[in-house]
Amino acid sequence: QVQLVESGGGSVQAGGSLRLSCTASGFTISNKCMGWFRQAPGKEREGVAFIATSRSSTYYADSVTGRYTISQDNAKSTVYLQMNSLKPEDTGMYYCSVVPYSGTYGSLCRGQQYNLWGQGTQVTVSS
């Protein structure tokens, strides 16, 4: 069964950290763009971090640069999102997604058409 499963969300105070995991089943994460997206209540979904898995090339939205780190573990078919120095505005449902991509630039993962999504994991940051 082809699917993505996110985990690791929770409730933390501002300044805290969380690590999200996105595990793929039914396919490998090699030669893919994988992205983490978030959606806050009443807002559109936004991409926050991307990785081109062929070269582990990453790209981050300005709002999370310096605080979030996306990484991959091909052996575990898992992509992680380490989130540090969390802010209340980071609150939202976090989703991972994937699309085939054999290129090497993480920045180009941002504009891809993602077509497989996980169920999401909730992150709540209190002030």
Does one side chain, of [X] or [Y], offer a donor that lies under 3.5 Å from an acceptor on the other?
| X | Y | value |
| --- | --- | --- |
| Q72 | S56 | yes |
| N31 | S54 | no |
| Q113 | N115 | no |

Quick check for you: to the nearest 0.5 Å, what is the distance between [X] atom [atom1] and [Y] atom [atom2]?
| X | Y | atom1 | atom2 | answer |
| --- | --- | --- | --- | --- |
| L18 | Q82 | CG | CD | 8.5 Å |
| R19 | S71 | CZ | OG | 7.0 Å |
| Y105 | T58 | OH | OG1 | 14.0 Å |
| S63 | R38 | OG | CZ | 4.5 Å |
| M83 | T69 | CE | OG1 | 11.0 Å |

Main-chain N/O of [Y] paired with [X] side-chain donor or acceptor, under 3.5 Å:
| X | Y | result |
| --- | --- | --- |
| S57 | G106 | yes |
| S85 | G15 | no |
| E6 | Q119 | yes |
| S21 | Y80 | no |
| T78 | K76 | yes |
| K32 | S30 | yes |
| Y101 | T53 | no |
| Q1 | G26 | no |

Test: disulfide bond (SG atoms under 2.5 Å apart). Region: residues 35-120. Which pairs qualify, not counting sequence neighbours? C22-C96, C33-C109

Restricting to non-hydrogen atoms, name the atom on [X] and the atom on [Y] that form the minimum distance, rounded to 0.1 Å.
| X | Y | result |
| --- | --- | --- |
| A14 | S127 | CB-CA, 4.3 Å |
| D90 | V125 | CB-CG2, 4.3 Å |
| L116 | V2 | CD2-CG1, 3.5 Å |
| M93 | G120 | SD-C, 3.7 Å |

Could you check whether any side-chain heavy atom of [X] comes within less than 4.5 Å of a side-chain heavy atom of [Y], counting everything from C-beta outward?
| X | Y | value |
| --- | --- | --- |
| T91 | Q122 | yes |
| V79 | I70 | yes |
| S17 | N84 | yes |

Take atom CZ of R67 as the centre, draw a 6.0 Å sphere, and report whether it contains more than 12 heavy atoms from other residues, nucleotides or ligands. yes

Please check if atom OH in Y114 has more than 12 non-hydrogen atoms from other residues, nucleotides or ligands closer than 6.0 Å. yes

The ring-ring contact (aromatic ring centres under 6.0 Å, His included) partner of F37 among Y95, F50, Y94 is F50

Do [X] and [Y] land in one hydrophobic cluster if side-chain heavy atoms of ILVMFWY residues count as linked below 4.5 Å?
| X | Y | value |
| --- | --- | --- |
| M34 | L108 | no |
| V5 | V99 | no |
| V98 | Y59 | no |
| V48 | W117 | no |

